[in-house]
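Treat the numbers as computed from the prediction; the structure is a model and nothing was measured.
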Amino acid sequence: MKQIESIKEFGGWLNRYQHGSESCHCDMTFSVYLPPQAATEKVPVVYWLSGLTCTDDNVRTKAGAQRYAAELGIALVIPDTSPRGNEVADEPERYDLGQGAGFYVNATQPPWSQHYRMYDYITRELPALIEAILPVIPGVRSITGHSMGGHGALICALKEPGAYRSVSAFAPICHPTVCGWGEGCFSAYLGNDIEAWKAYDATELIKAGAPGMPLLIDQGTGDEFLAGQLYPAELRAACEERGIPLTLRMQDGYDHSYHFIATFIGEHLAYHAAALRK
């Protein structure tokens with residue numbers, strides 16, 4: 001793991017790293033914010049998963065999360081949204097497939113299957129690397145994200161019982177098997193078997209009996225993607241059927257942007273910090 005950037009913020013350090021990934025078979029870049037407390041003790045971690053078209057740079061420059069992480073004494077780990085590089089399969093004319101659109105699945109179809117193993121990268125390879133090298137408490141982690149990354153956070157928490165102390169999401173893609181973004185990526189990455197898609201769909205995972213944990217979701221009512229892509233009502237219905245606690249906060253007038261995220265990121269990090277400190 002090579003450190004390629006280090007910036008002091010709020011008494012801690014915003015670092016950027018690059019490493020050769022065994023899961024994705026390419027060089028991967030990620031950022032970590034280490035709060036001032038990490039200078040003298042190991043700290044818990046919140047993983048942030050970004051959305052379509054993003055890199056690790058979006059949230060660290062737009063959300064204002066580092067100020068809250070410094071106050072709460074938690075590290076932020078911010079991976080990229082997909083494998084990248086000249087050798088990595090891509091659809092350059094599309095923003096919603098290929099590089100920048102990994103969807104946090106393990107692809108099974110060529111040419112995507114060679115590199116697009118983001119589920120293994122997020123849930124296994126990256127935490128092992130972080131916990132082996134940086135001053136964080138092993139196994140004490142939570143997860144959150146936005147849009148495609150909110151989808152990723154939900155499925156990681158649902159598919160990996162006990163791996164995360166808490167989970168939240170901003171405007172997540174709640175039911176990707178029935179939305180255009182999900183259908184386009186899943187058919188390419190996973191083939192035409194709808195049952196294979198359901199293994200990466202939070203609503204379908206809950207319907208199928210995934211172990212429940214409390215879910216916190218913020219969704220703006222002014223989000224331009226709410227009706228056609230996100231489907232939080234379907235997730236709420238599945239949670240009600242199973243008796244899984246879901247706090248779905250419909251935030252009046254907010255859109256899909258980082259202005260929305262920056263407004264509520266402090267509340268989400270406080271929610272995770274409380275779970276991480278138990």
Side-chain angles (χ1 to χ4, degrees), residues 5-16 29-38 43-81 95 100-101 104 122 141-154 156-157 164 166-174 181 214-226 229-230 232 246-276:
E5 186 179 56
S6 186
I7 304 168
K8 191 165 188 179
E9 289 186 336
F10 307 109
W13 292 93
L14 178 63
N15 299 330
R16 188 178 248 169
T29 300
F30 63 92
S31 292
V32 178
Y33 178 69
L34 292 173
Q37 296 87 337
V43 296
V45 179
V46 173
Y47 284 78
W48 171 272
L49 304 187
S50 296
L52 283 168
T53 76
C54 292
T55 69
D56 61 308
D57 202 37
N58 295 76
V59 68
R60 70 184 204 147
T61 59
K62 296 180 180 180
Q66 293 92 297
R67 178 188 296 274
Y68 298 107
E71 295 172 355
L72 295 166
I74 55 178
L76 302 175
V77 174
I78 311 165
D80 203 347
T81 50
Y95 76 92
Y104 305 102
I122 295 298
R141 61 181 90 102
S142 294
I143 193 165
T144 185
H146 170 233
S147 194
M148 180 185 73
H151 142 80
L154 293 175
C156 288
Y164 304 96
S166 54
V167 59
S168 72
F170 292 83
I173 303 172
C174 295
W181 285 337
L215 310 177
L216 169 63
I217 293 175
D218 273 322
Q219 172 64 61
T221 63
D223 190 323
E224 62 270 38
F225 302 114
L226 175 57
Q229 300 284 5
L230 305 180
L246 167 63
T247 301
L248 174 59
R249 308 192 304 186
M250 301 301 296
Q251 303 291 3
D252 186 42
Y254 285 91
D255 61 15
H256 200 71
S257 74
Y258 268 89
H259 299 287
F260 161 57
I261 295 167
T263 303
F264 300 104
I265 190 68
E267 296 177 25
H268 280 243
L269 292 181
Y271 173 79
H272 293 303
L276 290 164

Okay, side chain of [X], backbone of [Y]: is any donor-acceptor separation there less than 3.5 Å?
X    : Y    : result
Q219 : L226 : no
T55  : D57  : yes
S6   : N15  : no
H272 : I74  : no
T144 : S168 : yes
S166 : S142 : no

- [ ] Could I get the full list of side chain to side chain donor-acceptor pair (under 3.5 Å) partners for D218, not counting sequence neighbours?
- [x]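 D218 satisfies side chain to side chain donor-acceptor pair (under 3.5 Å) with R249, Q251, H268 only.
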Using distance only, find each side-chain donor-acceptor pair of residues 62-73 under 3.5 Å and give its atom names and separation, not counting sequence neighbours.
from, atom 1, to, atom 2, distance (Å)
Q66, NE2, E9, OE1, 3.0
Q66, NE2, R60, O, 2.8

Open item on the list: Can you give me the closest heavy-atom contact between V167 and P214, atom names plus distance?
Closed with: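 Looking at all heavy atoms of both residues, the shortest contact is CG1-O, 3.6 Å.
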Open item on the list: For G152 versus L49, what's the shortest heavy-atom pair and its separation?
Closed with: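 That closest heavy-atom pairing would be C-CD1, 3.6 Å.
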TODO: Could you go through the side chain to side chain contact (heavy atoms under 4.5 Å, CB included) check for V46 and I143 one step at a time?
DONE: CA-CA 5 Å; V46 173; I143 193 165; over 6 Å; no
Open item on the list: Applying side chain to side chain contact (heavy atoms under 4.5 Å, CB included) to V59 and H146, what does each step give before you reach the verdict?
Closed with: CA-CA 9 Å; V59 68; H146 170 233; over 6 Å; no
Open item on the list: Hydrogens and angles aside, do T29 and D80 bring a side-chain donor and acceptor to less than 3.5 Å of each other?
Closed with: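 Judged by distance alone, the side chains do not pair up.
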Task: Y104 side chain near M148 side chain, heavy-atom distance below 4.5 Å - done: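 Answer yes - side chains close enough.
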Open item on the list: Quick check: do I261 and Y258 have side-chain heavy atoms less than 4.5 Å from each other?
Closed with: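 Yes. Closest side-chain heavy atoms under 4.5 Å.
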Open item on the list: Please evaluate residues Y95 and W181 with respect to the criterion side chain to side chain donor-acceptor pair (under 3.5 Å), reporting the C-alpha separation (whole Å), side-chain torsions for both, the decisive distance (0.1 Å), and the verdict.
Closed with: CA-CA 10 Å; Y95 76 92; W181 285 337; 3.0 Å; yes
Open item on the list: Ring centroids only, cut at 6.0 angstrom: are F170 and F264 within range, meaning strictly under it?
Closed with: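 Between F170 and F264, the centre distance exceeds or equals 6.0 Å.
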Open item on the list: Run Y33 and F10 through ring-ring contact (aromatic ring centres under 6.0 Å, His included) and show every step you take.
Closed with: CA-CA 10 Å; Y33 178 69; F10 307 109; 7.2 Å; no
